[in-house]
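Below you'll find the structure, written out as structure tokens, and then a few comments.
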There are 2 protein chains.
Amino acid sequence: MKVGVSPDTFPPRSHEAKRISVVDAAASVFCREGYAGANIDLIAAEAGVSRQTVYNHHGDKEKLFMAVVRDLTERCNAGIFATIATFPDQPADLEADLVAFAVRMNRNCICNRDGRFLRKLIQAEGERYPELFAEWREQGPGRTWSALAARFARLAYAGHLSIGDPDVAARQFLALVNAELQITFMLGGIPTEEEVLRSASNGVRTFLAAFGRKKAPAARQAALAHA
Amino acid sequence: MKVGVSPDTFPPRSHEAKRISVVDAAASVFCREGYAGANIDLIAAEAGVSRQTVYNHHGDKEKLFMAVVRDLTERCNAGIFATIATFPDQPADLEADLVAFAVRMNRNCICNRDGRFLRKLIQAEGERYPELFAEWREQGPGRTWSALAARFARLAYAGHLSIGDPDVAARQFLALVNAELQITFMLGGIPTEEEVLRSASNGVRTFLAAFGRKKAPAARQAALAHA
DNA sequence: GACGAATTGGACAAGCCTGTCTAAATTTGT
DNA sequence: ACAAATTTAGACAGGCTTGTCCAATTCGTC
């Protein structure tokens, strides 16, 4: 309607650019100040546009907030699935590969701008907009865990791991590799590259101690039969 | 000054009762609405006192907020250490005892009112009041992990566990037994008793698979020697 | 260069919130 | 029962914020 959409050129250059700029600034301010504390004037200033432009593009504060959440959800999910695609299916060195994967997951999905912002908005406003975040819950963690569980199941099937329930293993993997970063996340901080690596290394070591392929599966099955 | 403090009687009965009532209501409202969105009138109404009484007791909104955080921090820490005191030092059934401990930890420290409220306030306002929450960080998680690590070290020393770094093991224990509750916590929900139990059971099983003392150390070492 | 759309800055009303003040009512201890 | 302290309801000023309106300006396009 508004955009003529000529064939091979960006029709609304600065228009769309400003829209994005507003959403980005809004994400930052909503996270820093909370929904109630966020100030439209501040968002406009941070986006480098006038207050009126914010209203032109997004209607009102609540619609702007929803646009922010949808935007972050979409980008985060894209990042997560792109990262899961790099899961080591045929590991040369399983421990090293899993650590590298965990570090990628942290850097690209959890510690980056979108991840931190979305997490904070969910925590702060999740109860106020249940339907808005229900969507995130299904599209995000739900699918993430399934996809990751499938990868672990494949590793188990190939004999690299010894896993009971792949869904449980996937959740525990994520919990383990982030175990030492919880406090930093809680306070909104960004862990250093070294902290991420150490947490991932320790987590993967424990994960493999629990699920790593046992060299003597017969003995293990015998022990289980005993019980 | 204000309180005469006669020897053996509670000088300000309903006075102090109202103060507590205000702090409790304030905790609830601050959590639900965020600091900026919290409304003193609403807090007063929820506490069953007049707005003026809130100001009489706590001065202004920011002081009230600090009182809330200190209150929650204190009670949470007390609960945590009371629960850690119930750690199974001489376990009859290590797995069952650790599961029961994890469930207690969840019920008494993490899922209860104070725990949920404090977590949410830390997440939402931690960056705005660094010094306020730095205190929590040192007194809470710092000491919790040390205390828990000491308990695990003792179990290891007694031959019940095989642990490298007790601090890492303590953090990973907490991460594992809460692995399946993360999403619920994020959205401010309260997991059911059954969910808590399942997460704890799965977490402890994996924890013991990684750190449990092997029943047949000779066979295991033989297998390792094989490789 | 000219046209139309988007943007800007500012003024503006309406509403809400904090924090103070007051006089009346209530509670507390003696 | 009395006196002091506390609590209450309500009014109130001051400040801030949202969302609208409008005239002037800038920008992109033809």
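Naming convention: chains lettered A, B, ... in sequence-line order (proteins, then strands); numbering from 1 in each chain. Note that the structure is a prediction, hence the values are computed from the model and not measured.
- The side-chain hydrogen bond (donor to acceptor under 3.5 Å, both in side chains) search around B:Arg19 returns B:Glu16, not counting sequence neighbours.
- Considering only residues two or more places apart in sequence or on other chains, B:His58 meets the ring pair (Phe, Tyr, Trp, His ring centres under 6.0 Å) condition with none of them.
- Shown for residues 32-48 of chain B: residues whose heavy atoms fall under 4.0 angstrom of DNA chain C, namely B:Ala38, B:Asn39, B:Ile40.
- The side-chain hydrogen bond (donor to acceptor under 3.5 Å, both in side chains) search around B:Gln52 returns B:Asn56, not counting sequence neighbours.
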Mind listing the side-chain donor-acceptor pairs of residues 134-154 of chain A below 3.5 Å, one per line with the distance, residues two or more places apart or on another chain?
from     : atom 1 : to       : atom 2 : distance (Å)
A:Glu135 : OE1    : A:Arg70  : NH1    : 3.2
A:Thr144 : OG1    : A:Gly140 : O      : 2.8
A:Ser146 : OG     : A:Gly142 : O      : 3.2
A:Arg151 : NH1    : A:Asp89  : OD1    : 3.2
A:Arg151 : NH1    : A:Asp89  : OD2    : 2.6

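- Within a heavy-atom distance below 4.0 Å of DNA chain C, the residues of residues 59-71 of chain B found are B:Asp60, B:Lys61.
- Legend: side-chain hydrogen bond (donor to acceptor under 3.5 Å, both in side chains) pairs involving residues 165-174 of chain B, not counting sequence neighbours, sorted by first then second residue: A:Thr206-B:Gln172.
- Salt-bridge check for B:Arg113 with B:Asp71: failed, with every basic side-chain N at 4.0 Å or more from each acidic carboxylate O.
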What side-chain donor-acceptor pairs closer than 3.5 Å can you find for residues 30-48 of chain A, not counting sequence neighbours?
from    : atom 1 : to       : atom 2 : distance (Å)
A:Arg32 : NH1    : A:Ser28  : OG     : 3.1
A:Arg32 : NH1    : A:Glu46  : OE2    : 3.4
A:Arg32 : NH2    : A:Glu46  : OE1    : 3.2
A:Glu33 : OE1    : B:Arg128 : NH1    : 3.4
A:Tyr35 : OH     : A:Glu62  : N      : 3.4
A:Asn39 : OD1    : A:Asp41  : N      : 2.6
A:Asn39 : OD1    : A:Leu42  : N      : 3.0
A:Asp41 : OD1    : A:Arg51  : NH1    : 2.6
A:Asp41 : OD2    : A:Arg51  : NH1    : 3.2
A:Glu46 : OE2    : A:Ser28  : OG     : 3.3

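- Side chain of A:Thr53, nearest nucleotide from C:dT20, C:dT8, D:dT7: C:dT8.
- Phosphate proximity of D:dT8 to B:Lys18: present, with a side-chain N or O under 4.0 Å from OP1 or OP2.
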Acceptor/donor pairs from residues 179-190 of chain B side chains to any protein atom, 3.5 angstrom cut, sequence neighbours excluded:
from     : atom 1 : to       : atom 2 : distance (Å)
B:Glu180 : OE2    : B:Asn202 : ND2    : 2.9

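- Taking the side chain of B:Asn56 as heavy atoms from C-beta on, and the options D:dT7, C:dT8, C:dT18, the nearest nucleotide is D:dT7.
- For A:His57 and C:dT7, the shortest distance from a side-chain N or O to OP1 or OP2 is below 4.0 Å.
- Taking the C1' atoms of five terminal pairs at each end of the helix from C:dG1-D:dC30 to C:dT30-D:dA1, the two resulting helix axes are inclined by 40°, rounded to 10°.
- Under a cut-off of 6.0 angstrom, the local environment of CD in B:Glu74 is sparse, with at most 12 non-hydrogen atoms contributed by other residues, nucleotides or ligands.
- A donor-acceptor contact closer than 3.5 angstrom links the side chains of A:Thr53 and A:Ser50.
- By the side-chain hydrogen bond (donor to acceptor under 3.5 Å, both in side chains) test, B:Lys61 is found to be paired with no residue, residues two or more places apart in sequence or in another chain being considered.
- Counting only distance, with no hydrogens or angles, the side chain of B:Ser199 and the backbone of B:Glu195 share no donor-acceptor pair below 3.5 Å.
- Checking side-chain atoms of A:Arg104 against main-chain N and O of A:Thr86 turns up a donor-acceptor pair under 3.5 Å.
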ask   = Once each nucleotide of nucleotides 10-15 of chain D is scored for protein heavy atoms under 4.0 Å, what B/S/- sequence comes out, 5' to 3'?
value = -B----

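- One interatomic measurement links the two molecules: OH of A:Tyr55 to P of D:dC22, which rounds to 17 Å at whole-angstrom precision.
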